[in-house]
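Input: a single structure, listed below in structure tokens.
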Amino acid sequence: MTRLPVLDARIDERVRATRDANPWWPCARGCDHCCRSLPRLPEITEAEWARLAAAVAQLGRSTSVEVVERVRRAASDEAPLVCPLLDRERGACLVYEARPIACRTYGFYTERDGSLCCSKVTEAVRANASDPEGVVWGNGEAVKHDMRELGLVRSLADWLDIRPPGK
């Protein structure tokens, strides 16, 4: 049995706890700021790709083809990138339930060298937290450690070349 659902549940719990403790937290439905300013395509594990590829294949032929084309274009574009999985008109993820761990943790986790969040989160913490140092962030290093059990890590574009959706 894959550990991906277990890791997803742990991440979901941390996100829920952060939102419950900080109702002003900006990461919520309708915010796509980070999705429109990626430094590079997400790097995902083999288990994540299997789930994501299945979700992309279920989008319907025209949407699935468009997502594949966007991934290929984004692989050679300069940053910042718009996520190829984003419904640009609605500002929502096309494959939300299958989104990568990087997307699930962004805005709620930190690593040794800093927060994994955009300027909106940083500004909101400064403006709203009575004690910004007291915000409980998720441990990004622990998530990376647990991801080792999920297979090789490759760029979204690399997985697309190796194992296209629907294959």
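The figures here come from the full heavy-atom set of this structure, side chains too, leaving out hydrogens, waters and symmetry mates. These figures come from a predicted structure and were not determined experimentally.
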Would you please test Glu13 and Arg16 for salt bridge (Lys or Arg N to Asp or Glu O under 4.0 Å) and show each step?
CA-CA 5 Å; Glu13 179 54 37; Arg16 193 172 16 266; 3.3 Å; yes
Nearest non-hydrogen partners of [X] and [Y], listed with the distance:
X: Ala53; Y: Pro165; answer: O-CB, 3.5 Å
X: Ile11; Y: Thr105; answer: CD1-CG2, 3.7 Å
X: Met147; Y: Leu7; answer: CG-CD2, 3.8 Å
X: Ala75; Y: Ala157; answer: CB-CB, 3.7 Å
X: Leu59; Y: Ser64; answer: CB-N, 4.3 Å
X: Val121; Y: Cys27; answer: CG2-SG, 3.5 Å

Roughly how far, to the nearest 0.5 Å, is the [atom2] atom of [Y] from the [atom1] atom of [X]?
X: Arg112; Y: Lys144; atom1: CZ; atom2: NZ; result: 9.5 Å
X: Thr45; Y: Asp146; atom1: OG1; atom2: CG; result: 11.5 Å
X: Arg70; Y: Leu156; atom1: CZ; atom2: CG; result: 12.0 Å
X: Arg90; Y: Arg29; atom1: CZ; atom2: CZ; result: 8.5 Å
X: Glu97; Y: Arg51; atom1: CD; atom2: CZ; result: 9.0 Å
X: Cys93; Y: Asp87; atom1: SG; atom2: CG; result: 9.5 Å

Exam field: side chain [X] to backbone [Y], donor-acceptor pair closer than 3.5 Å:
X: Tyr109; Y: Asn139; result: no
X: Trp49; Y: Arg163; result: yes
X: Arg104; Y: Arg99; result: yes

Are the charged groups of Asp32 and Arg88 less than 4.0 angstrom apart, N to O?
no
Using a strict threshold of under 4.0 Å (side-chain N to carboxylate O), is an ion pair present between Glu48 and Arg154?
no
Does any part of the side chain of [Y], heavy atoms only, come nearer than 4.5 Å to the side chain of [X], both counted from C-beta?
X: Leu150; Y: Ile44; answer: no
X: Leu94; Y: Val56; answer: no
X: Cys118; Y: Tyr106; answer: yes
X: Thr122; Y: Ser115; answer: no
X: Asn22; Y: Asn128; answer: no
X: Val68; Y: Arg72; answer: yes
X: Val153; Y: Trp159; answer: no
X: Leu85; Y: Leu52; answer: yes

If two hydrophobic side chains count as joined below 4.5 Å and joins carry through other members, does Val67 share a cluster with Leu81?
yes
Would a single hydrophobic cluster contain both Val71 and Ile101, if residues Ile, Leu, Val, Met, Phe, Trp and Tyr are joined by side-chain heavy-atom contacts under 4.5 Å?
no
Going by atom types alone, do Arg14 and Thr18 pair a side-chain donor with an acceptor below 3.5 Å?
yes
Within 45° of the six-membered ring axis of Trp25 and under 6.0 Å from that ring's centre, is NZ or CZ of Arg19 located there?
no
